[in-house]
Amino acid sequence: MASTLNFLLIFFTALFITSESSVVRSPFRPNSLVLPVHKDSATGLHVANIRKRTPQVSVPFLVDLNGNFLWVVCDQNYLSSTYKAPFCHSTQCSRAGDHYCHKCHSAAQPGCHNNTCAVMTINPLTRRYTVGELAQDVVSIQSIQGSNTARIATIPNFLFACAPSSLLQGPFPKSVQGVAGLGHAPVALPLQLASHFGFPPQFALCLASSNNTSGSILFGNVPFKLATGSDISQSMAYTPLSIGPLAEYYILVKSIKINNKTVPFNTSLLSSTRGFGGTMISTTTPYTVLEHSIFTTFARFFVEQFVGVPQVESVPPFGLCFNSHILPPTRVGGYPNIDFVMQNRNVSWTILGVDSLVNARPNVSCLAFVDGGLNTRAPIVIGAYQLEDHYLHFDLSNSKVGFSSSRLSHPVNCANFNFTSALTPEEDTMKD
Ligand SMILES: *[C@@H]1O[C@H](CO)[C@@H](O)[C@H](O)[C@H]1NC(C)=O
Ligand SMILES: *[C@@H]1O[C@H](CO)[C@@H](O)[C@H](O)[C@H]1NC(C)=O
Ligand SMILES: *[C@@H]1O[C@H](CO)[C@@H](O)[C@H](O)[C@H]1NC(C)=O
Ligand SMILES: *[C@@H]1O[C@H](CO)[C@@H](O)[C@H](O)[C@H]1NC(C)=O
Ligand SMILES: *[C@@H]1O[C@H](CO)[C@@H](O)[C@H](O)[C@H]1NC(C)=O
Ligand SMILES: *[C@@H]1O[C@H](CO)[C@@H](O)[C@H](O)[C@H]1NC(C)=O
Ligand SMILES: *[C@@H]1O[C@H](CO)[C@@H](O)[C@H](O)[C@H]1NC(C)=O
Ligand SMILES: *[C@@H]1O[C@H](CO)[C@@H](O)[C@H](O)[C@H]1NC(C)=O
């Protein structure tokens with residue numbers, strides 16, 4: 001009798017739990033997410049604020065297109081009741097890639113525990129690296145529905161690395177606390193968010209050219225409609241994307257044209273395999289860097305095409321500067337256009353003439369390209385200045401990257417991807 005009662009009790013308990021769980025709301029599955037980014041005018045680099053921890057704080061991160069995870073300084077002011085450091089040999093550690101078991105001889109605190117995983121954290125500006133602790137904490141990101149903002153999406157156990165504050169030495173934007181990596185690695189933002197929410201492994205980058213407007217990084221099913229209503233999907237050109245050994249992105253630029261004339265340098269350099277080869281896209285390089293021999297030919301050719309504008313002594317880091325008093329007055333025309341030609345001559349990334357120059361000093365405008373010397377990371381590294389106000393769509397499942405090819409016929413103003421209006425964000429947690 002007693003055992004029958006017990007059985008019934010268990011039966012009803014089970015029934016109760018089952019019916020209880022069947023009324024639980026289905027988890028929130030955002031289609032796309034947006035991170036607002038802003039330009040730091042002192043460094044020309046871009047910063048994203050990410051909401052993390054418990055209680056929640058907004059933490060500024062340097063945007064690093066080629067970083068293989070998110071790392072943050074933990075040895076100062078890291079207060080969070082939800083910080084966890086996965087144990088060595090755990091599934092989280094194996095997802096993060098190369099690591100070893102960590103021992104820490106100071107007092108236990110975020111970034112310092114025994115028997116956790118040590119991963120290599122890299123400063124993308126100085127290439128210095130140091131050991132950091134793999135960690136997990138809450139991260140919240142704005143979701144979007146079409147052109148409107150929707151609920152805040154929360155990842156309770158977002159994987160990142162904790163680095164010592166000494167790693168933040170270098171020309172970082174002020175107040176930055178870490179680096180947000182967008183590289184092709186399982187725990188970098190694009191793939192970690194896609195695998196958590198089940199949306200496609202895609203993201204888009206639209207960096208604003210001015211510090212008084214906001215740009216964005218979009219994840220998932222990225223939108224192609226600007227706030228102005230115009231659809232840029234028709235003006236996108238696509239080129240194959242390759243992934244380097246450090247999860248970084250490369251495209252193949254086959255030649256460079258200025259005013260539709262091919263710049264006569266040895267193009268075998270562009271596909272050479274020093275390092276990895278190909279053209280790198282980088283958000284941690286303020287201006288496009290060319291290998292020394294390419295730069296020399298490129299600068300000489302540019303001068304030939306820029307008739308009647310006197311050169312002045314150059315202002316570092318630039319190698320070619322002009323008296324801006326004598327610059328042609330019109331927005332277009334008079335300035336040589338630059339094309340990075342990809343897989344065929346129909347696919348090229350056009351840098352409008354006026355966008356190829358930067359005001360370096362009063363009365364001095366410089367070609368916004370830098371001579372990288374003989375040991376550049378790649379023969380061409382396309383930098384942040386040349387990425388601004390272009391819409392870049394990284395389609396990781398199809399290994400291709402799309403870009404809004406010409407700002408002349410299809411101007412993009414990244415400030416028009418503003419998702420800060422619309423609905424009041426509602427807090428929602430997706431249960432793991
Ligand atoms: C790690 O273990 C060592 C002993 O092996 C101990 O001295 C140290 O305090 C521990 N560190 C932490 C953060 O618990
Ligand atoms: C924005 O940039 C301008 C110069 O480009 C600078 O004078 C100004 O201080 C910057 N504002 C902020 C908030 O950084
Ligand atoms: C933002 O800066 C740009 C140039 O840097 C300027 O043309 C524009 O008027 C500024 N807008 C506001 C709202 O300050
Ligand atoms: C550039 O050259 C191509 C052929 O190589 C030609 O079809 C095109 O019209 C030219 N564009 C300009 C602006 O001269
Ligand atoms: C171009 O460079 C490659 C090696 O980088 C060399 O083998 C080749 O001879 C060069 N071609 C010319 C025309 O200089
Ligand atoms: C380039 O575009 C022209 C006209 O749009 C087209 O006829 C030609 O086939 C294209 N070439 C390639 C290699 O795609
Ligand atoms: C810029 O050039 C103008 C005209 O040549 C001159 O009057 C002015 O002083 C120059 N400004 C600076 C900062 O050199
Ligand atoms: C977003 O951009 C549109 C078009 O540029 C503008 O009308 C709107 O006011 C902007 N909204 C916000 C919140 O900045």
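First listed ligand is number 1; within each ligand, the first listed atom is number 1.
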Exercise. Could you walk me through whether Gln145 and Ser143 pass the side chain to side chain donor-acceptor pair (under 3.5 Å) check?
Worked result: CA-CA 7 Å; Gln145 270 293 322; Ser143 76; over 6 Å; no
Seminar exercise, completed: ligand 1 atoms nearer than 4.0 angstrom to some heavy atom of Ala108 are 13 (C)
Exercise. So which heavy atom in the protein is nearest atom 5 (O) of ligand 1, and how far is it from that ligand atom?
Worked result: Lys103 NZ, 3.5 Å
Exercise. Closest non-hydrogen protein atom to atom 11 (N) of ligand 1, residue and atom name please, with distance?
Worked result: Cys104 O, 2.7 Å
Exercise. Which residue and non-hydrogen atom of the protein lie closest to atom 13 (C) of ligand 1, and at what distance in Å?
Worked result: Ser106 O, 3.4 Å
For this session: Begin with the C-alpha distance, continue with both residues' side-chain angles, and end with the deciding distance and a verdict on ring pair (Phe, Tyr, Trp, His ring centres under 6.0 Å) for Phe298 and Phe369.
Result: CA-CA 10 Å; Phe298 178 78; Phe369 289 75; 4.8 Å; yes
Exercise. Looking at Thr121, Leu189, Asp64, which one forms a side chain to side chain contact (heavy atoms under 4.5 Å, CB included) with Phe69?
Worked result: Thr121
Exercise. For atom 7 (O) of ligand 1, what's the nearest protein heavy atom and its distance?
Worked result: His105 ND1, 4.4 Å
For this session: Name the closest protein heavy atom to atom 10 (C) of ligand 1, giving the residue it belongs to and the distance to 0.1 Å.
Result: Asn114 ND2, 2.4 Å
For this session: Using distance alone, with no hydrogens and no angle criterion, decide if His38 and Ser214 have a side-chain donor and acceptor under 3.5 Å apart.
Result: no
Exercise. Ser356 and side chain to side chain contact (heavy atoms under 4.5 Å, CB included): which partner among Asn337, Ile258, Leu367, Thr288?
Worked result: Leu367
